[in-house]
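Here is the structure we will look at.
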Amino acid sequence: MSATLPLVNAQESRAATSAELVGLSKHFGSLKALDKVSLKIDAGSLHALLGENGAGKSTLVKCMMGFYQATSGQLVVDGRERSIPNPRAAQALGLGMVYQHFTLVPSLTATENLVINRPDCPAVINWEKEKASLTEFLSTMPFQIPLNVPIYKLASGQKQKLEIIKQLYLQSTLLILDEPTSVLTPSEATEVLSLVKSLCEQRRLSVLMITHKFREVSDFADTVSVLRQGRYTGGGKVADLSHQDMAAMMMGQSAATARPGSSGGTITTAKGRSNANDNDNDNDNDNDNDNDNATASNSNSNSNSNSNSNSNSNSILQLRGIKATPRSGAGLISIDSLDVEAGRIVGVAGVSGNGQSELMEILSGQRPLLSGSMQVDGQPYTPTRKAAREAGVRYLPEEPLLNACAARMSVAENIAFRNYDLKADGKPAWWLDRTAIRNHGKDMIAAFNVKTTSPGAPIDSLSGGNVQRAVLARELTGDIRLLIASNPCFGLDFTAVAETRERLRAARATGTAILLLSEDLDEILELADTIVVMSDGSINYQCSRDEADVPTIGHYMAGHAGDSTAPIHSAPV
Amino acid sequence: MSIPWHRPSWATPLARHSEALLIPVGALLAGFLLFALFLALQGKSPAEYYSLVYKAGFGSAFSWQNTLVRTAPLLLAALCVALPARLGLVVIGGEGAIVISGLACAQVAVLTQQAGTAPGMVLSLALMFIASALVGAAWIGAIGVLRHWRGVNETIASLLMTYIAIALMNHLVEGPMRDPNSLNKPSTAPLTDWQRVGQIPGLEVHWGLLAALICCIAAWLLIDRTTWGFGARIAGSNVRAAQLQGLPVGRMIIIVTAMAGACAGLAGAFEVAAIHGAANASLVSGIGYSGILVAFLARQNPLAIIPVAIMLAGFEASNGLVQRRMDLPDATVLVLQGIVFLAILSSETLYGRFRVFTPERWQPLPAEGEISTVQQGNPA
Ligand SMILES: Nc1ncnc2c1ncn2[C@@H]1O[C@H](COP(=O)(O)OP(=O)(O)OP(=O)(O)O)[C@@H](O)[C@H]1O
Ligand SMILES: [Mg+2]
């Protein structure tokens with residue numbers, strides 16, 4: 001075995017790769033997922049690929065990576081026409097990809113995943129040596145990943161970082177990123193993209209980046225291409241294009257008036273109404289952990305909202321003294337007190353991996369409680385189907401295809417999961433009404449703009465954003481008292497982001513209590529009435545939206561809770 | 001296309017069903033072809049083989065009867081695999097459940113042999129079958145319990161429990177439950193005549209066939225047409241999604257494995273009460289394992305199990321004749337089964353690949369048109 005120390009700065013031999021697509025088409029049957037697309041990625045440039053959900057972005061990069069064979073068209077790498085019959089051939093050409101869905105082996109640790117992915121992986125692995133060289137390699141990275149914990153115990157943010165690290169470790173010279181920052185906090189995203197960008201500037205790497213965030217395009221990309229319904233609709237130097245121009249290319253000329261900024265974190269919408277919500281909410285404390293029931297002080301907030309709850313403490317969700325084991329690491333998930341009131345959105349900010357996924361699992365009955373109590377509407381709550389239905393509790397977990405869908409069942413069936421066992425009059429049904437399921441599916445597909453070939457198509461044939469829309473259609477329809485949502489806009493294009501956020505606001509306006517777990521701080525600042533910060537498995541900070549101060553929140557997200565325990569991993573602020 | 005063409009409403013279901021039918025049939029034919037090649041390589045005539053199979057399995061009323069007698073337990077054994085499979089469990093312990101419940105049937109028969117009156121006799125027969133179903137349900141249900149509460153792999157557990165069942169039967173039949181009169185083949189005491197299950201009038205096949213057919217239809221209705229079955233399919237496809245919907249996954253696992261076990265239990269009871277007349281080593285006949293093949297060939301669909309089981313039973317019924325006439329070894333039918341099994345498993349990758357079977361693709365971007373018209377009517 002040759003001594004390959006895969007350090008980034010020892011990588012002088014490999015320089016950035018350029019690539020060009022010429023008239024690339026990919027048909028699935030007669031569905032033209034890509035229709036004669038041409039674009040060019042210069043060596044050392046960061047090229048962004050934009051397009052609405054289902055535009056064909058993932059299909060394009062899968063053709064480049066050898067997962068799909070293009071129906072027609074050429075692929076030129078470093079000036080030579082190449083055919084890429086399989087992913088191994090792509091890797092040999094220096095093409096590496098970070099996928100929209102994770103590809104790490106869940107039962108293996110980070111170390112094991114990285115080493116087995118090396119093309120020159122030796123038959124007998126000297127783990128001590130590998131660990132040492134990996135630790136050294138990681139020390140050049142701007143973020144840390146627990147190396148010896150099985151992947152399935154990591155949260156999606158950590159997995160995403162590891163996916164990028166893996167490609168750098170594999171010495172890819174053309175990196176393809178499929179929505180790389182969906183699960184990162186803005187500061188992490190900035191950091192990852194700055195790193196990637198600096199590697200581009202040193203001409204070690206060229207990058208093709210799929211994204212839905214215009215801000216990332218204008219801040220980091222050199223050039224951009226836009227797809228719409230499988231066709232190339234425009235592009236060029238980022239410096240020459242405004243967000244409106246790009247939006248127009250994405251949505252067609254008619255939609256040029258849409259607000260592209262809404263996914264970029266500008267807080268421009270629905271402020272009037274929500275402001276009123278917050279006015280009476282001025283008595284929060286900096287550190288509420290041992291404060292008896294800090295949120296109870298919000299209980300008079302119903303003075304303005306059109307919630308129909310009549311008690312004066314209209315807490316819909318009440319968590320007290322919750323303790324549970326985390327997925328990884330020592331310590332406990334420990335939530336002393338969390339309240340969500342009718343007609344309000346409580347945003348849980350935090351770096352991924354600090355207990356948010358566990359909180360979701362606790363609330364949806366997938367993770368047993370060691371102690372503590374959960375109440376919905378003043379009643380003790382155990383998340384069974386019956387209880388969830390009676391209390392009107394709905395869930396939007398992260399990674400919907402993995403956590404909320406039956407991949408092999410159809411889109412219509414997946415949309416029916418909440419109500420297939422009820423007749424139209426709400427009585428329990430024994431016989432499956434398949435016509436009703438199909439019709440309901442059709443309605444929902446239309447109402448939520450799910451792009452699918454038919455209601456009967458299996459849900460895993462949909463593009464990432466459309467899976468999310470199908471799950472939104474299911475969970476946001478009906479009589480909802482409490483919604484627990486985790487990264488609801490993950491992977492959605494900007495119109496869908498605006499639409500989804502509007503739906504959340506509309507739900508709030510009708511008195512739904514919403515617990516919004518999001519790794520996108522902008523989203524929380526935009527939507528939440530109350531913001532809490534989760535770090536190291538517990539809530540260490542709480543404030544109203546008016547008091548929200550990004551540096552302070554960042555400070556608590558990084559785990560500076562005033563107590564001495566160190567966070568699971570540090571996020572630089 | 002200038003004239004908008006509307007897909008007729010029956011096109012989609014028709015195409016889907018044709019796909020579900022034609023792909024396995026194609027795979028089956030491919031398997032038969034490969035096996036023909038295997039025969040030809042040994043200098044045997046494939047044509048003679050298949051014509052003998054046809055003659056001995058399906059050629060006459062007598063051969064049909066022979067085939068259908070073998071079909072009955074095969075149907076029930078296949079259900080024992082197919083039901084848990086719809087929940088994502090691979091249970092291969094049908095053989096053990098058949099053996100152990102056959103034993104229970106014989107034991108209840110012995111205990112109730114004294115019944116003299118007509119109601120007593122009916123009660124005795126009913127008890128034999130109820131006991132067998134319950135023992136089978138407990139046997140496979142235990143695998144579900146182990147799986148749910150202890151995380152024990154159900155495939156390994158069911159395989160190991162089959163060994164336990166066979167050992168237990170051998171011990172009991174040769175020891176405590178042995179009929180002293182059974183000299184060269186240790187057996188339990190024989191069932192009295194009225195305890196034997198008779199034949200369906202005019203068919204010369206015992207009632208087990210009807211019972212098994214009813215079980216298949218009931219299982220299909222349960223899984224494919226009830227809301228409970230829909231929930232089970234969600235859990236079978238993604239446990240996390242099922243939990244998120246608040247479905248009682250553990251309870252489903254236990255109920256389904258118990259039902260699967262009850263089916264195998266009935267198979268054991270019919271083997272004892274309709275065929276052997278006592279419990280002995282003949283109960284270990286490999287039906288439980290053939291059931292695995294049937295279930296997979298039928299892609300775990302309880303209705304598709306019926307034709308597949310009949311076909312396989314025909315091959316098994318013809319095995320003796322084929323061996324004698326063509327001088328082929330006993331294991332030939334196993335080779336055929338293996339080849340067909342591989343062909344069917346490989347054909348799994350073909351679903352969704354053929355344009356004829358996906359009506360959405362008959363027309364360029366039909367769904368796109370459908371959706372964009374809807375979009376216009378919808379506030380963005
Ligand atoms: N394997 C497949 N079989 C059939 N259709 C497919 C397949 N993969 C993708 N499609 C279809 O191709 C189109 C483009 O999908 P693709 O995944 O490339 O979209 P995308 O631009 O990545 O969208 P998103 O932003 O939602 O991820 C979609 O209409 C999708 O349904
Ligand atoms: Mg995609």
Side-chain angles (χ1 to χ4, degrees), chain A residues 27-32 229-230 255 258 360-361 364-366 382-389 393 395 397 400-409 413-414 416-418 420-422 428-434 437 442 445-454 456-458 461 495 498-499, chain B residues 1 7 9 11-13 15-16 86 88 221-249 251 351-380:
Chain A
H27 300 179
F28 293 107
S30 65
L31 172 81
K32 293 183 182 172
Q229 292 178 6
M360 185 72 174
E361 288 172 347
S364 61
Q366 294 171 332
T382 327
T384 61
R385 189 165 179 81
K386 187 158 169 279
R389 177 171 288 153
V393 185
Y395 303 94
L401 193 59
L402 218 64
N403 290 318
C405 294
R408 278 166 295 157
M409 292 170 89
E413 284 174 326
N414 271 282
F417 281 5
R418 280 283 167 210
Y420 66 88
D421 51 356
L422 290 183
W430 295 102
W431 292 105
L432 202 58
D433 186 344
R434 299 189 311 151
I437 287 179
K442 268 188 190 151
I445 285 168
F448 283 76
N449 282 337
V450 183
K451 274 178 213 143
T452 169
T453 45
S454 88
S461 74
T495 41
E499 220 174 278
Chain B
M1 241 181 265
R7 220 188 306 141
S9 61
T12 307
R16 288 241 151 74
R86 296 307 286 274
L221 286 175
L222 179 72
I223 298 291
D224 283 81
R225 287 292 182 271
T226 66
T227 53
W228 193 86
F230 190 84
R233 282 187 281 145
I234 298 176
S237 180
N238 185 348
V239 174
R240 292 184 68 83
Q243 286 171 334
L244 194 75
Q245 299 298 322
L247 293 168
V249 177
R251 199 161 70 204
Y351 290 87
R353 291 273 184 99
F354 296 108
R355 189 169 164 182
V356 244
F357 296 139
T358 24
E360 304 81 61
R361 299 189 193 155
W362 291 353
Q363 200 191 2
L365 290 177
E368 201 57 57
E370 248 172 61
I371 285 166
S372 58
T373 49
V374 175
Q375 269 176 347
Q376 281 153 19
N378 186 49

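Just so it is clear: chains get the letters A, B, ... in the order the sequence lines come, proteins before strands, and each one is counted from 1.
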### CA sep, side-chain torsions, deciding dist, call: B/Thr226, A/Leu432, side-chain contact (heavy atoms from CB on, under 4.5 Å)
CA-CA 5 Å; B/Thr226 66; A/Leu432 202 58; 5.9 Å; no
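The nearest pair of heavy atoms linking B/Leu244 to A/Ser364 is CD1-CB, 3.7 Å. Scanning both residues, B/Ser237 and A/Ala407, for their nearest heavy atoms gives OG-N, 3.5 Å. The two residues A/Leu402 and B/Asn238 come nearest to each other via the heavy atoms O-ND2, 2.9 Å.
Sorted by first then second residue, the salt bridge (charged side-chain N to carboxylate O under 4.0 Å, His left out) pairs that include residues 234-247 of chain B, not counting sequence neighbours, are A/Glu361-B/Arg240.
Interface summary for chain B: among A/Ala406, A/Ala416, A/Gly365, the most heavy-atom pairs under 4.5 angstrom belong to A/Ala406. Among A/Pro397, A/Ala387, A/Pro383, A/Cys405, the residue with the largest count of heavy-atom pairs under 4.5 Å with chain B is A/Cys405. Ranked by heavy-atom pairs under 4.5 Å with chain B, the first of A/Asn403, A/Thr384, A/Asp421 is A/Asn403.
Although no hydrogens or angles enter the test, the distance criterion places no donor-acceptor pair under 3.5 Å between the side chain of A/Arg385 and the main chain of B/Leu247.
Contacts of A/Ala388 with chain B are absent, with no heavy-atom separation under 4.5 Å from either backbone or side chain. Interface residue A/Arg434: only side-chain heavy atoms are found under 4.5 Å from chain B.
Looking at residues two or more places apart in sequence or on another chain, you find a ring pair (Phe, Tyr, Trp, His ring centres under 6.0 Å) between B/Phe230 and A/Tyr420.
With values rounded to the nearest 0.5 angstrom, A/Trp430 atom CH2 is found 6.5 Å from B/Thr227 atom OG1.
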